[in-house]
A.B. asks: 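Structure incoming, see below.
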Amino acid sequence: MVASSRSRRSSRRRRSRRRRGGERKFAGLLVVFGTVVLTGLVVWWGVFPPGAEDEGVGRASPEELESWQRLRDERIKAFEETVTAEEGGSGEPALLEEAIRWQERIVRAEPGANGEERRRLEEWRNRRERISAVRWWEEARALQEEGEALEPEDAGAARERYQTALQLYTRVAGAEVETSREARQRAILLRGTLLALEVGPLREKSRQREEQAGAALAAGRWEEARRFMVEAAVLQEEINRQAAGSRYASPARAADLRKRAAGIGARREAEGIAGRIREALAFLREGRLSEARTAVAEALEGQRVLREEYPGTLWVDPAREEALRALEANLAAREAYRTLREEEQALRVALQAGNFAVARTTLEALSAGLESFRTRYPAATLPVGPLRERVAYLAGHADNLPEIATSVRANLASVPGSGVLWLRTEVPQGLYEAVMGENPSRSVAVDQPVEAVTPREVEGFLRRLGWILGTPVRLPTLEEVEALSAIEEGEGSPEGTLARGSRRRPAVVDAGEPGPHGLYHLRGNVAEIVTDGQGDFLAYGDSFARGEGEAVQAGPGESLAAVSRSRTTGFRFVVEEGEDAPLLPEEREILLAGAEAVLAQFAGSAAR
């Protein structure tokens, strides 16, 4: 059994050795075969070099070379005779061609041939090229003339002849003959002519499309005009591609046509937006708010298309879109705005009636409503700002409102024929500070008149006091003061209305005896700020600074600037009977005005 195992192992080793030996022999044979093939290729390359026209020619015997040389000489001699016979002509090209073929065979058969044979071959080839150039020149000119005759009627046939002529001119230009320079010039001109034939129809079609776009635009056919302008741009871009670098190529024109096409598209969208806004305006006038909101939503969708598809055009204006969104927000906020108006009206009624408990409750509702309005409609432009200011002020002074309103109403006097209620005294410092939270007076005392106050500060005081009373409060006019002075003087001594103060400070507001209608210091104590009825301010009457016993100037003094401040100048006010004007205008008028403003913006764009 052991011997059998050893025999099998020995047999396997012998087979392995034989297999490896066979592989080595095969590899050796491959190397030998490759060497033989490579050697054959090298020999072939030497005998038949690249470019040989006659692959059957190898090294020739002396007898063969002599025969070829004889045939070559015969052909070249016959060729020269034809040249002589034509008296300077080009001879018979076929004879020269045969001589060149025999010379090529001789050069190939003798790889080591002397330079003279190779020089002769090159010379004859150049001569053949020059002779051919003459023929090419004549053929090219004839073809060009044929093309010029055909061009008006058959551009395609003319183009074929021009292309062939161009090839011949190019060969003549490379032959370095007498006509080579002119051939180069003709080739340049012919390229331009071919280019014009290629792009001419495109140019004409592009111009036609541009004209059609203008006509469609004039007729209001926006989409058709845009389509024609886009086609004109595409045609110009094709011209740019085919005739790049030529005078026909114009990237600027293509870009301008694209821009104009975009402008037409944008103009169409802008006109559509204007149409939607016109519809919204008509619906608003008829009170159809739901339809108005739908029309504005469609206008906003058109604005989105305008912004996304035509960026960079004149019609994409953030201000217009913002105005449109504000109109949409105002329509959405209409009901909330109307609720604020109703609550503001209730507040004015409560304040005018002195019902401060109701006024406080209404103030709380208004504060909450204004905050909700601000949060829900941030883009709305409905004018709630003045109401917000009034509510904030009244809410901050809610505890003092009853006292201020009661003291003011108790100090008002009715003068027959005046149509207003007059404050009996100059405005005391206590009242001014309670309303404004500050006291500008130089001589400080709560019962003295407020002085050193500017007309602008007086206007702020009157506006706030009107909020508190729920009725209009203003300065008296010069005409009203003069009329009241005449009444006072007719019914009693004017001296009763003057204060006997000192030069250092004014008297208290109710010092002395009042006039017949209960008014104090109408022309004295401090000069009083009045208006001229045209918006300018005047100082009326005299002041404590003149002292006791001096004459009183009972008439208008110098005019005052809005920021004039003097320690001798104070004021009193009059209260108009009736309700104060509402702070919030009627929402329908605001919405109409907003829609008309937006329409003017978009319609103005579309008209450009």
Side-chain angles (χ1 to χ4, degrees), residues 155 196 199-243 248-286 288 291-325 327-328 592 594-608:
V199 303
L202 296 177
R203 294 176 64 213
E204 182 62 26
K205 195 171 182 180
S206 179
R207 283 194 293 267
Q208 288 176 357
R209 290 295 180 270
E210 186 176 1
E211 292 172 358
Q212 289 171 327
L217 189 61
R221 300 192 301 272
W222 308 105
E223 180 56 29
E224 183 179 339
R226 188 194 67 82
R227 178 169 54 81
F228 281 139
M229 198 65 75
V230 169
E231 290 180 8
V234 170
L235 290 167
Q236 182 60 51
E237 288 165 355
E238 180 63 20
I239 293 171
N240 296 346
R241 186 187 64 80
Q242 293 187 16
Y248 302 110
S250 178
R253 181 173 183 268
D256 179 66
L257 290 170
R258 287 284 184 186
K259 183 178 180 181
R260 290 164 64 187
I264 292 172
R267 184 172 174 180
R268 177 198 60 189
E269 291 296 336
E271 182 63 25
I273 293 171
R276 301 290 81 73
I277 298 172
R278 289 189 190 96
E279 292 177 1
L281 193 57
F283 289 141
L284 282 173
R285 290 193 177 105
E286 297 172 6
R288 297 158 62 184
E291 291 93 333
R293 291 184 65 178
T294 301
V296 171
E298 292 174 354
L300 272 172
E301 176 61 20
Q303 178 64 26
R304 183 193 63 78
V305 173
L306 183 65
R307 183 182 65 254
E308 293 180 358
E309 295 189 5
Y310 306 103
T313 59
L314 291 173
W315 289 267
V316 178
D317 187 346
R320 295 190 187 98
E321 184 168 0
E322 183 179 350
L324 194 54
R325 292 195 178 281
L327 178 59
E328 180 189 43
L592 285 172
E596 289 171 350
V598 175
L599 176 61
Q601 290 181 341
F602 280 94
S605 295
R608 279 188 286 176

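The structure presented is a predicted model; accordingly, all values stated were derived computationally and were not measured. The figures that follow rest on heavy atoms only: side chains count, while hydrogens, waters and symmetry mates do not.
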A.B. asks: Please report the interatomic distance CZ(F228) to CD(Q208), rounded to the nearest 0.5 Å.
C.D. replies: 10.5 Å
A.B. asks: Identify, with sequence neighbours excluded, every residue that meets salt bridge (Lys or Arg N to Asp or Glu O under 4.0 Å) alongside R221.
C.D. replies: E224
A.B. asks: So, for R226 and G265, which heavy atoms are closest and what is the spacing to 0.1 Å?
C.D. replies: CD-CA, 3.7 Å
A.B. asks: What I want to find out is whether R278 reaches E596 closely enough, with some N-O distance under 4.0 Å, to be called a salt bridge.
C.D. replies: no
A.B. asks: Have a look at I264 and tell me which of K259, E269, M229 forms a side-chain contact (heavy atoms from CB on, under 4.5 Å) with it.
C.D. replies: M229
A.B. asks: Is the shortest side-chain heavy-atom distance between R260 and E210 below 4.5 Å?
C.D. replies: yes
A.B. asks: Which heavy atom of P201 sits nearest to which heavy atom of A196, and what is that distance?
C.D. replies: CD-O, 4.3 Å
A.B. asks: Could you check whether atom CD of E322 has more than 12 heavy atoms from other residues, nucleotides or ligands sitting under 6.0 Å from it?
C.D. replies: no
A.B. asks: Set out, in order, the CA-CA distance, both residues' side-chain angles and the distance that settles side chain to side chain contact (heavy atoms under 4.5 Å, CB included) for K205 and E231, then state yes or no.
C.D. replies: CA-CA 9 Å; K205 195 171 182 180; E231 290 180 8; over 6 Å; no
A.B. asks: Working to the nearest 0.5 angstrom, can you tell me the gap between R209 CZ and E204 CD?
C.D. replies: 10.5 Å
A.B. asks: Among V316, L324, D317, exactly one meets side-chain contact (heavy atoms from CB on, under 4.5 Å) together with R320. Which residue is that?
C.D. replies: D317
A.B. asks: Assess the side chains of E238 and Q242: does a donor N or O sit below 3.5 Å from an acceptor N or O?
C.D. replies: yes
A.B. asks: Do you know which two heavy atoms are closest between L327 and G594, and how far apart they sit?
C.D. replies: CD1-C, 4.3 Å
A.B. asks: Which value, rounded to the nearest 0.5 Å, describes the distance between T294 atom OG1 and E279 atom CD?
C.D. replies: 10.0 Å
A.B. asks: From the options E301, E328, E298, select the one residue that forms a salt bridge (charged side-chain N to carboxylate O under 4.0 Å, His left out) with R276.
C.D. replies: E298
A.B. asks: Looking at CD of Q236 and CG of D256, how far apart are the two atoms once the value is rounded to the nearest 0.5 Å?
C.D. replies: 10.5 Å
A.B. asks: How about L257 and S206: do any of their side-chain heavy atoms sit closer than 4.5 Å?
C.D. replies: yes
A.B. asks: Mark yes or no for whether N240, through its side chain, and S250, through its backbone, hold a donor-acceptor pair below 3.5 Å.
C.D. replies: yes
A.B. asks: Do R267 and W222 have side-chain heavy atoms sitting under 4.5 Å apart?
C.D. replies: yes
A.B. asks: Considering only NZ, NE, NH1 and NH2 on the basic side and carboxylate oxygens on the acidic side, decide whether R325 and E321 come within less than 4.0 Å.
C.D. replies: yes
A.B. asks: For the residue pair E237 and A254, what are the closest heavy atoms and their distance?
C.D. replies: CG-CB, 3.8 Å
A.B. asks: Using a strict cut-off of less than 4.0 Å between a Lys/Arg side-chain nitrogen and an Asp/Glu carboxylate oxygen, indicate whether E308 and R304 qualify as a salt bridge.
C.D. replies: yes
A.B. asks: If I take atom CD from residue E291 and atom CZ from residue F283, how far apart are they, to the nearest 0.5 angstrom?
C.D. replies: 5.5 Å
A.B. asks: Quick check: closest heavy atoms across A243 and Y248, and the distance to 0.1 Å?
C.D. replies: CB-CB, 4.3 Å
A.B. asks: Within a strict 4.5 Å, meaning less than it, do heavy atoms of the V296 and I277 side chains meet?
C.D. replies: no
A.B. asks: Using side-chain heavy atoms (C-beta onward) and a distance below 4.5 Å, is V234 in contact with R258?
C.D. replies: yes
